[in-house]
Amino acid sequence: MIDFLDLIMFAALLVAVLSGFPVAFSIAGTAVAFAYLGWATGVMDIALMGALGQRAFGLISNQMLIAIPVFVLMGSILEKSQVASKLLDTMGRLFGHLRGGLGISVVLVGALLAASTGIVGATVVAMGLIALPSMLRAGYSKSFAAGIVCTAGTLGQIIPPSTLLIILSDVMSNAFQQAQYEQGRFSVEALSVGQFFAAALFPGLMLVLLYLFYILARGFFIPSDAPPLIKGALPSSREILIAVIPPIGLIVAVLGSILGGVATPTEAASVGAVGALLMAVARLGVNRFLLVSGTGALVIVLVLSGVFPVRLQRETLEVSAYFLGALYIILVVLGILTVLVSAQLSLKNGILRDAATSTLTMTSMIFATILAASFFSLVFIGLGGEDRVEHILAELPGGLTGALFFTMVFLFVLGFFLDFVEIAVIVLPLVTPQLILMGCDPIWLGILIAINLQTSFLTPPFGFSLFYLRGAAPDSVSTADIYRGVVPFIVLQILGMLLIWQIPSLSTWLPSLIF
């Protein structure tokens with residue numbers, strides 16, 4: 001039994017997590033217990049625990065992960081500002097006259113919210129409260145409607161910016177560097193968050209198209225499951241623009257600045273948080289002149305400073321440079337004043353306070369889990385788990401294809417029981433370096449894993465989207481309805497993974513072009 005302490009440790013972790021005890025403490029407690037057990041039985045050198053402090057410092061100084069709380073804040077502000085309700089109402093009236101039209105509108109709104117918030121829980125709950133009752137009143141099948149809402153909400157995990165992609169980029173970058181060291185290379189390359197954002201863009205849109213095709217096909221072949229919404233006038237062009245342009249503008253500002261190399265993910269997230277704050281205050285309908293002028297000033301200074309940069313520290317400057325410098329200062333001051341007024345108004349209305357509380361809660365959970373997982377992986381390596389994983393993958397039939405298939409199936413099964421953060425920071429560091437050494441492209445592998453982990457939000461019995469919708473759905477929708485409804489979309493997720501597997505350029509073309 002001593003020879004299998006690493007496997008017993010992993011099984012004990014599953015039991016601890018499924019017991020309902022807080023995840024971070026379950027992971028850390030299991031690590032402590034097996035560290036002492038390994039030391040007492042002579043299997044593990046306890047001096048290895050001296051690296052724990054270094055790992056904790058590495059976590060809090062990690063530049064990639066700093067973007068997480070800012071992106072979460074951006075999403076929380078948008079959630080509190082009720083942008084989703086306006087989008088759903090407009091899109092519902094736009095597509096409601098088609099068979100499956102309400103389902104189409106939910107998926108499109110889910111995609112827009114995914115690219116602007118990236119928070120699964122907020123999107124699922126919002127659409128569960130707003131869209132699901134409308135779909136049921138229109139005569140949609142309960143399971144079909146529940147499946148659409150659950151699945152559209154999970155798009156926030158694959159369409160950038162998303163917390164999953166940020167964590168995954170850090171894990172895959174470390175695995176890529178470890179693989180290079182093992183190959184004897186000491187001048188190693190690193191991967192960036194921007195590369196994974198670019199790589200996930202086409203796969204995310206591909207999943208949206210798969211969902212839309214399935215909804216239209218089901219509405220055509222089984223009209224009773226997705227009847228059209230007969231009543232209700234089409235929205236005007238002005239209504240559509242008012243509902244759609246602000247979130248699209250926010251998406252362009254955030255993703256465009258990252259993919260264009262203008263800003264780091266953390267800087268872009270800060271721009272997104274400010275944009276979300278301005279959108280939230282705009283919904284209140286106060287100080288519109290200051291809001292419009294301040295927002296316009298910020299947009300103008302961002303564009304002009306990129307096209308006509310001014311470096312006032314230079315010794316020889318033309319008069320036009322001084323003029324532009326003064327103009328930029330005035331525009332920045334106006335923008336800062338607008339942001340401060342917006343912050344004061346959002347505090348007064350409770351938007352910023354609630355968003356900050358939600359951000360602190362989610363960020364604390366994520367970082368506590370990552371830190372505990374770092375402790376767990378250190379003990380697991382000390383017990384010989386890393387060598388065992390490497391041996392298992394190397395001995396599987398089929399070489400790289402067999403090892404990759406086994407890994408994907410293993411991660412898919414783990415998704416039935418564990419959260420994506422736990423899988424990403426505990427399991428992936430053990431298997432991905434070996435897969436990269438065997439010949440996998442790290443970015444392509446990362447996107448395959450991202451779609452797989454996204455599926456974990458839908459797989460019963462512990463899929464988070466299922467729990468979110470169960471809390472928001474009316475009593476007429478049973479848990480069995482929700483479980484049945486997500487099954488076809490899980491199949492579509494698997495189909496998406498197979499397409500990425502067979503056509504790697506879907507995930508590698510854009511990052512290779514940009515970076």
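For clarity, every value in this text was computed on a predicted model and none was experimentally measured.
Residues Y211 and I148 fail the side-chain proximity criterion, which asks for heavy atoms closer than 4.5 Å. P69 has its side chain within reach of F367: a pair of non-hydrogen atoms, C-beta onward, lies under 4.5 Å apart. At least one side-chain heavy atom of V254 sits under 4.5 Å from a side-chain heavy atom of F71. Taking 4.5 Å as the limit, every side-chain heavy atom of F457 sits out of range of all side-chain heavy atoms of V486. For the pair L155 and Q454, the minimum side-chain heavy-atom distance is below 4.5 Å. Residues I366 and M362 have side chains in contact (heavy-atom distance under 4.5 Å, counting atoms from C-beta outward). Side chains of I426 and T369 form no contact here, defined as non-hydrogen atoms less than 4.5 Å apart. Proximity of V193 to L165: side-chain heavy atoms (C-beta onward) are nowhere separated by under 4.5 Å.
At distances below 3.5 Å, not a single donor-acceptor pair connects side-chain atoms of S374 with backbone N or O atoms of I370. Using a distance-only test at 3.5 Å, with no hydrogens or angles considered, a donor-acceptor pair links the side chain of W444 to the main chain of I500. Judged by distance alone, the side chain of S512 and the main-chain N or O of W509 form a donor-acceptor pair under 3.5 Å. Checking side-chain atoms of T338 against main-chain N and O of L334 turns up a donor-acceptor pair under 3.5 Å. A donor-acceptor pair is defined here as one N or O able to donate and one able to accept, closer than 3.5 Å; no such pair exists between the side chain of S173 and the backbone of D170. Although no hydrogens or angles enter the test, the distance criterion places a donor-acceptor pair under 3.5 Å between the side chain of T432 and the main chain of L428. In this structure a side-chain-to-backbone donor-acceptor pair under 3.5 Å is present from T154 to T151.
One distance of note links CZ of F489 with OG of S465; it measures 12.0 Å at 0.5 Å rounding. Here CE of M497 is found 11.0 Å from CD1 of I449. Values are rounded to the nearest 0.5 Å. Atoms CD1 and CG, on I240 and L94 in that order, are 4.5 Å from each other to the nearest 0.5 Å. Separation of atoms CG (L298) and CG (L278) is listed at 7.0 Å; rounding is to 0.5 Å. Taken to the nearest 0.5 Å, the OH atom of Y483 stands 10.0 Å off from the OG1 atom of T459. The OG atom of S346 lies 4.5 Å from the CG atom of L277; values are rounded to the nearest 0.5 Å.
Among all heavy-atom pairs drawn from L164 and Q157, the shortest one is CB-OE1, 2.9 Å. What you find for C150 and I482 is that their closest heavy atoms are SG-CG2, 4.0 Å. Heavy atoms only, all atoms of each residue included: P474 and L132 are closest at CD-CD2, 3.9 Å. Of all the heavy atoms in L458 and L466, the pair that sits closest is O-CD1, 3.6 Å. Listed here is the closest heavy atom pair of P429 and A424: CD-O, 3.3 Å. Here the shortest heavy-atom pairing between S456 and F420 reads OG-CB, 4.2 Å.
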*Check the pair I215 / V106 against side chain to side chain contact (heavy atoms under 4.5 Å, CB included), numbers first and verdict last.*
CA-CA 11 Å; I215 292 169; V106 169; over 6 Å; no
_Please evaluate residues T359 and I77 with respect to the criterion side chain to side chain contact (heavy atoms under 4.5 Å, CB included), reporting the C-alpha separation (whole Å), side-chain torsions for both, the decisive distance (0.1 Å), and the verdict._
CA-CA 9 Å; T359 301; I77 293 173; over 6 Å; no
*May I have the step-by-step check of side chain to side chain contact (heavy atoms under 4.5 Å, CB included) for I166 and F196, ending in yes or no?*
CA-CA 8 Å; I166 296 172; F196 280 88; over 6 Å; no
*Does the pair V244 and T90 meet the rule for a side chain to side chain contact (heavy atoms under 4.5 Å, CB included), with working shown?*
CA-CA 9 Å; V244 172; T90 305; 5.7 Å; no
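By the 6.0 Å contact criterion, CZ on F416 is enclosed, its count of non-hydrogen atoms from other residues, nucleotides or ligands being greater than 12.
Remark: S192 pairs with Q195 by the side-chain hydrogen bond (donor to acceptor under 3.5 Å, both in side chains) rule, at least two apart or across chains.
Under the 3.5 Å distance criterion, with hydrogens and angles disregarded, a donor-acceptor pair is assigned to the side chains of D481 and S478.
A side-chain contact (heavy atoms from CB on, under 4.5 Å) with L453 holds for exactly one of V421, L414, I423; it is I423.
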